[in-house]
Each structure stands twice: as C-alpha cells, then as structure tokens.
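Please read these numbers as outputs of a predicted model, since none were measured by experiment.
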Amino acid sequence: MNIHEYQAKEILAEYGVKIAEGGLAYSVEEAVQRAREIEGGVWVVKAQIHSGARGKAGGIKVCKTHDEVEKAAEELLGKKLVTHQTGPAGKMCSRLYIEAGTQIAKEMYLSFMIDRSSERVIMIGSGQGGMEIEKLAVTNPEAIIKIYIEPAVGLQDFQARTMAFGLGIDAAQLNHAVKTIKGCYRALRDLDANILEINPLVITATNDIMALDAKMVFDENALFRRHKIAELRDNTQVDSREVAAAEAGLSYVGLDGDIGCMINGAGLAMATMDMIKLAGGEPANFLDVGGGASAERTEKAFRLVLADANVKAMLVNIFAGINRCDWIAEGVVQAVRNIDMKIPLVVRLSGTNVEEGRRIIAESGLPIITADTLAEAAEKVVRARNDVVAQNA
C-alpha cells in the first residue's frame, strides 16, 4: 500500500527525522492560506499523487509570492499528472502539500527496503541525490552504497556511521546523520513497511539534515495490525477495480490486455496468464477468487472482470480442491444469466466433482466454450478474442 509524501513525512518526523514546515491543501484558497502560515519568502507547491518523477511532470512548483502559490494551485488541483510510473492514464491530483523553501547545500539519496533474496533489509545510499537511482545505477554504479541489515539484530551504529560517511557527511554532522538513518530504519521496521525512500535527503545551508521528499510502501498483509497506517490509504489513487475487489475480498490487479481472467489460486492465476501470452493473447487482469468461491462470490468476480470495458473475451480456470466444480459451475451459470454476457466465455474445470460441473455447464443452454486443459483453454479464449476483434473491425 502506497501513501502520500506528506503522510510519509509525518511518520518520519515521529521517528526523529527532520522535515521542512508544511501544510496540506485541498483548494486554492487553502493553498494560499498555508503559504501565509509558513514563514519565509519561498514556498514549494507539491502535487500529492502516488508516483515519483512528479517534478518532470510539472507537479512541483517553486513560488516566491502568494500570487504564484495561487496560480500553481489552480494549475495542479484537479489535473491528471502523467509520469513514467503512472502510465498514460496518469493520476488525479486532488490535494497539495505547501512546504517552506529550503536552501540546499548538498543532496543525497537514502532508502531501506526488504531484500527477499537475502532475507534481510538492505540500506541503499548515495552522495548523489535528487536523481533517479535506477539511472545512477547504470551511469555511475560506484556511487551507490549498499549495506545489509540482519533483521534479528537490527541496524547497528557502525552501519549507520558507514552509510553517513559514504554519503559524504562530515564529522560535525555525524551524530545528526546517525539519528536520521536509525530513525528511518525504525520506521520501516516498526510499521511493516516494504520500502522507505528519501530522495533527496539534504544538508541545508544551516547544516541541518532534512528529508526533502519521502516515499513509503507498506505490506498489505500486515495492515490488520497497523490500523493507523491502513487509514492512510487514498482510494482515489488506486485502480477503482482493485478497490471494489478488496471490498469483496478478492485479489485483483488490473492489467493492460483484453482477456479477462477468473481463477482460484495465485499460482494457477500466474500460470494461466503465462499460457494466455504464450497463445498470443494479453490478460486484462489477475483475479484470484480464492478457495471459497460461492455462487454469489463468483458473480461478483464476473462483474469485476467485466467492469473493464477493454475485455473482449473471458476465461474461467478453476482447479477445485477445497472448492467443488459443481458449485463453481452453478455460480458461472448464475452469473452469465444475471449479467447477460455479450462476450465469449471459456470455462475450464478440473478437480473435485469435475464431471458434475461440466454437466451443469453443458445442460445450461448457454453459449459457454469448454476446455479440458489449460493450454486448450488459453488457445480457445485467444481465438475467441481474435474473432471479436475481427467482427468489430
């Protein structure tokens, strides 16, 4: 789960990380008022969307008068910002963060993330902040410092000092740097975050170490014990289909293809998407209905998949273990009748009560295409999709 920059900064401030004075605004009037409340003669108006590279998309504006703040707010509020992370659809800006301008003496990069391959936390830093770390890794990999942290032991003082010196921080600022680095690690650890990134972490003209930007991503599987973090979710920044799926207790991820998928089991869903691509198609979604796919749950899954206007054919692939194929078949038949489907549907059932499930579908009188194997199902749904495209053309 992603959160906004201002939310991440509020969290980091609680862990001793220094941030610039700022305030949130939902309207142009609020933006100007926040600027009046912040001392100084320079303000930064920042669009709050779940994406990096906002500056390149025009989402960060430096203002020197209240009129400039007003103009910047008018330009950003209600606007869709398109970055390389949002894709062409972009993300809507509905709130702004007005922050005091900072005199920067040095920019650095600092991040923590879970490295699943080593089963440890990795701390990454560079004395060259303010740019994309991916590009820096290509152009100047020697500038990137990596330190692995054993979770059972935690971040040690010597590791924090090693990172501080690697960032080019001098001895006079060392204690402040160590406090900042350790505060970031504790925030990641205590709140079940997967990623914590500060880019840039800056040294100001007054020798303060400050987080000028912040990004945090949290493990959704741990949100049941992090209620305060869960409340930070902004559903306007998430695919509406994924929000609806979460409310229905379904695992859904929207993709760019046009073949809808309804599958039980994450592994089978991944294999099914691979087979669709192997057959020449593109999946429109990842949807795992889980082990308890009742008729009502099945119909919700159908409606969720078909809410995507790009879907031109649909594949249901069920391997019944805990579930039963006859229950799934009844749910599919009920869903097709209630929804009045207009696109081709391919169903492949396997496992418990498979013969009864196939009988229910065969005797339904509905134009459902059946398949015995996953490869056959993938080929049939891609063929059906191609027929739809040809007819539309």
Side-chain angles (χ1 to χ4, degrees), residues 1-15 17-104 107 130 197-202 204-206 208 210-218 227-240 242-243:
M1 186 192 84
N2 291 295
I3 62 174
H4 289 294
E5 171 199 356
Y6 76 92
Q7 295 168 327
K9 283 183 172 179
E10 288 173 356
I11 290 172
L12 290 176
E14 294 176 1
Y15 283 85
V17 178
K18 190 162 187 176
I19 62 173
E21 184 181 2
L24 190 64
Y26 290 90
S27 67
V28 175
E29 294 75 16
E30 279 188 299
V32 175
Q33 181 59 33
R34 295 294 171 268
R36 289 197 178 102
E37 293 168 355
I38 298 170
E39 293 182 359
V42 178
W43 304 271
V44 184
V45 179
K46 297 183 174 183
Q48 296 300 288
I49 62 170
H50 288 173
S51 174
R54 291 170 297 163
K56 293 180 180 179
I60 299 177
K61 299 182 183 295
V62 179
C63 305
K64 295 183 179 180
T65 67
H66 293 156
D67 287 341
E68 288 182 9
V69 171
E70 181 178 1
K71 182 180 178 182
E74 288 174 347
E75 291 177 358
L76 292 175
L77 282 172
K79 177 184 176 182
K80 277 194 174 182
L81 294 180
V82 179
T83 74
H84 69 275
Q85 294 183 12
T86 65
K91 288 187 181 292
M92 181 67 71
C93 172
S94 59
R95 63 187 83 177
L96 302 172
Y97 188 58
I98 316 301
E99 189 174 70
T102 302
Q103 288 186 305
I104 301 170
E107 293 188 357
E197 182 182 62
I198 301 176
N199 188 23
L201 177 71
V202 303
T204 69
T206 56
D208 284 322
M210 184 181 294
L212 215 57
D213 194 3
K215 173 183 178 179
M216 293 186 75
V217 180
F218 296 89
H227 300 298
K228 290 184 179 179
I229 298 300
E231 290 172 358
L232 300 179
R233 185 193 299 272
D234 181 2
N235 286 335
T236 66
Q237 297 292 303
V238 184
D239 189 321
S240 59
E242 295 181 17
V243 175

Q) What distance do S94 atom OG and Q237 atom CD have between them, rounded to the nearest 0.5 Å? A) 6.0 Å
**Q.** By side-chain contact (heavy atoms from CB on, under 4.5 Å) - contacts of K56 (at least two apart)
**A.** E132, K135
(Q) The criterion is side chain to side chain donor-acceptor pair (under 3.5 Å); which residues satisfy it with K61, sequence neighbours excluded? (A) E75
**Q.** Within residues 66-102 or reaching into it, pairs that qualify as ring pair (Phe, Tyr, Trp, His ring centres under 6.0 Å) - sequence neighbours excluded
**A.** W43-H66
Q: Just jot down the side-chain contact (heavy atoms from CB on, under 4.5 Å) partners of V217, sequence neighbours excluded, or say none.
A: N2, I195, K215
Q: For the residue pair S51 and T83, confirm or rule out a side-chain donor-acceptor distance under 3.5 Å.
A: yes
Q) Does the E68 side chain pair with the main chain of K64, one donor and one acceptor, at a distance under 3.5 Å? A) yes
Q: Supply the atom-to-atom distance L12 CG to E10 CD, rounded to the nearest 0.5 angstrom.
A: 10.5 Å
Q: Looking only at non-hydrogen atoms, find the nearest pair between I3 and Q7 and report the distance.
A: CB-OE1, 3.2 Å
Q. Residues in side chain to side chain donor-acceptor pair (under 3.5 Å) with H4, at least two apart?
A. D234
Q. How far does NZ of K18 sit from CG of D208, to the nearest 0.5 angstrom?
A. 3.5 Å
(Q) Nearest 0.5 angstrom please: L212 CG to I104 CD1, how far? (A) 5.0 Å
Q. For E21, does the CD atom sit with more than 12 other heavy atoms under 6.0 Å from it, leaving out its own atoms?
A. yes
**Q.** Counterpart residues, side-chain contact (heavy atoms from CB on, under 4.5 Å), relative to I60 (two or more places apart)
**A.** V44, K46, R54
**Q.** Any L81 side-chain heavy atom under 4.5 Å of T86 side chain
**A.** no
Q | Flag, side chain of Q48 to backbone of E5, donor-acceptor distance under 3.5 Å | A | yes
